[in-house]
Undergrad: 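Structure in structure tokens, see below.
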There are 2 protein chains.
Amino acid sequence: MASYTTVALKAELNERGWRLTPQRETILQVFQNLPKGNHLSAEDLYNHLSGEGENISLSTIYRTLKLMARMGILRELELAEGHKHYELNQPHPHHHHHLICVRCNKTIEFKNDTILKTGTKTAQKEGYHLLDCQLTIHAICPACQRSLLPL
Amino acid sequence: MASYTTVALKAELNERGWRLTPQRETILQVFQNLPKGNHLSAEDLYNHLSGEGENISLSTIYRTLKLMARMGILRELELAEGHKHYELNQPHPHHHHHLICVRCNKTIEFKNDTILKTGTKTAQKEGYHLLDCQLTIHAICPACQRSLLPL
DNA sequence: CTCTTTAATGAGAATCATACACAATCAATT
DNA sequence: AATTGATTGTGTATGATTCTCATTAAAGAG
Ligand SMILES: [Mn+2]
Ligand SMILES: [Mn+2]
Ligand SMILES: [Zn+2]
Ligand SMILES: [Zn+2]
């Protein structure tokens with residue numbers, strides 16, 4: 001679960017002259033305790049925290065999500081139109097990809113070891129420092145195929 | 001080049017009770033004539049067309065891009081923060097993926113036959129109708145690694 | 001070709017996710 | 001305990017995308 005400790009986060013932040021704040025620690029913990037297959041938008045996270053009595057401003061939420069994605073701690077996902085979703089960026093055995101229905105946004109996660117290898121190799125070949133590697137499949141789910149609704 | 005003819009577009013549209021308009025035809029042609037490796041945002045497309053004397057409204061541009069992505073004619077790409085980019089969705093020998101620097105948005109295209117096979121198989125297994133399948137690698141390019149700028 | 005139906009367009013206003021500005025706070029370091 | 005500048009919260013701004021609605025014009029029928 002807690003593949004990423006508070007201590008490790010603090011170390012990585014301080015190394016760059018940044019700081020570990022209670023807000024950042026709390027947000028990381030939310031993602032670490034998030035059930036498998038869940039993905040949170042900025043607003044989802046804000047509401048989740050508010051429900052727990054944790055009052056972290058939306059600005060800080062947005063800043064933290066972006067920061068952690070840039071650090072490679074979180075993955076930024078485009079699972080629906082209009083807003084991003086986030087989840088922990090986990091290594092090998094937990095690393096996965098997403099099959100998304102473009103009409104109803106139903107999302108299925110699936111694993112494939114080859115893809116991560118391909119991503120790692122490709123980044124390395126170009127001298128890029130890998131942060132995340134995700135296969136996104138856009139498709140229409142069985143239910144939506146049957147539906148007569150347009151688009 | 002013109003893997004997708006105007007006639008085919010018209011047939012596919014009419015089949016669903018929709019119409020082939022001069023605007024839709026023009027927009028498809030722009031993408032078909034776009035040099036390899038180019039990606040257009042809605043505004044890019046709008047400016048490109050304006051430059052050619054083609055005056056298609058931004059509303060229509062947005063509607064058409066979304067429509068064609070939903071039809072599987074265009075791919076919707078997240079190559080930069082804040083707005084989408086589009087390119088033709090081409091089959092096998094031209095199908096490719098993207099390695100993106102999250103700091104400067106420099107993008108490199110690369111090919112990998114296995115990924116498309118994986119995507120096709122995964123969609124099929126779940127009964128989804130495949131529209132697009134793209135591996136997105138988020139990373140930091142060599143230049144940005146050297147840069148001292150934050151984030 | 002003409003007529004009818006209704007999808008599509010253009011112009012502008014509305015939305016809403018996200019970024020920004022800035023004064024107050026507080027984490028890190030000495 | 002004092003210093004320094006990164007971070008936060010509040011409110012405001014931005015900007016990509018969508019919506020509204022009157023007008024236009026494809027598609028299909030006759
Ligand atoms: Mn996931
Ligand atoms: Mn491309
Ligand atoms: Zn669906
Ligand atoms: Zn870069």
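These numbers come from the heavy atoms of this one structure, side chains and all, not from hydrogens, waters or symmetry mates. Residue numbers start from 1 in every chain, and the chains themselves are labelled A, B, ... in the order their sequence lines are given, proteins ahead of strands.
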Undergrad: Tell me the interatomic distance from I27(A), atom CD1, to dG9(D), atom C1', rounded to whole angstroms.
TA: 13 Å
Undergrad: Can you tell me the distance, in whole Å, between the CG atom of L20(A) and the P atom of dT8(D)?
TA: 10 Å
Undergrad: Output the rounded distance in Å from CD (E12(B)) to C1' (dA27(D)).
TA: 17 Å
Undergrad: In whole Å, I'd like the distance from the CZ atom of R16(A) to the P atom of dA28(C).
TA: 15 Å
Undergrad: How are the rings of H85(B) and H83(B) set to each other: parallel, tilted or perpendicular (split at 30° and 60°)?
TA: tilted
Undergrad: Measure from the side-chain heavy atoms of A42(A) and tell me the nearest of dT17(D), dT18(C), dA19(C).
TA: dT18(C)
Undergrad: Is it the case that the side chain of N89(B) and the backbone of L131(B) share a donor-acceptor pair, with hydrogens and angles ignored and the cut-off at 3.5 Å?
TA: yes
Undergrad: Could you give the CG-to-C1' distance, from L67(A) to dT7(D), as a whole number of Å?
TA: 11 Å
Undergrad: Send over the distance from E15(B) CD to dA27(D) P, rounded to a whole Å.
TA: 14 Å
Undergrad: Any donor-acceptor pair under 3.5 Å linking the side-chain atoms of H39(B) with those of E109(B)?
TA: yes
Undergrad: Look at the side chain of E87(B) and the backbone N and O of L77(B), then say whether any donor-acceptor pair between them is shorter than 3.5 Å.
TA: no
Undergrad: For a 4.5 angstrom cut-off between non-hydrogen side-chain atoms, does F31(B) reach I73(B)?
TA: no
Undergrad: Can you tell which of dA7(C), dA28(C), dA17(C) lies closest to the side chain of Y62(A)?
TA: dA17(C)
Undergrad: Judged by each residue's nearest nucleotide on DNA chain C, which is more toward the 5′ side, L58(A) or R63(A)?
TA: L58(A)
Undergrad: Using atom CD of E81(B) as one end and atom P of dC20(C) as the other, report the distance to the nearest whole Å.
TA: 11 Å
Undergrad: Among the nucleotides dG28(D), dA28(C), dT7(D), which one has an atom lying closest to any side-chain atom of R24(A)?
TA: dT7(D)
Undergrad: Side chain of R19(A) only, heavy atoms from C-beta on: which candidate in dT8(D), dT7(D), dA8(C) is closest?
TA: dT7(D)
Undergrad: Relative to the 5' end of DNA chain C, which residue comes earlier, K10(A) or H83(A), by the nucleotide with the nearest heavy atom?
TA: H83(A)
Undergrad: Hey, which of these two, T21(B) or K66(B), hits DNA chain D nearer its 5' end, going by closest nucleotide?
TA: K66(B)
Undergrad: Rounded to whole angstroms, how far apart are CG on L9(A) and C1' on dT7(D)?
TA: 14 Å
Undergrad: Once you apply a heavy-atom cut-off of 4.0 Å, does S59(A) come out as touching a base, just sugar-phosphate, or nothing?
TA: base
Undergrad: Would one find a side-chain N or O of Q23(A) under 4.0 angstrom from OP1 or OP2 of dG9(D)?
TA: yes
Undergrad: Using the side-chain heavy atoms of W18(B), tell me which of these nucleotides is nearest: dA8(C), dT8(D), dT29(C).
TA: dA8(C)
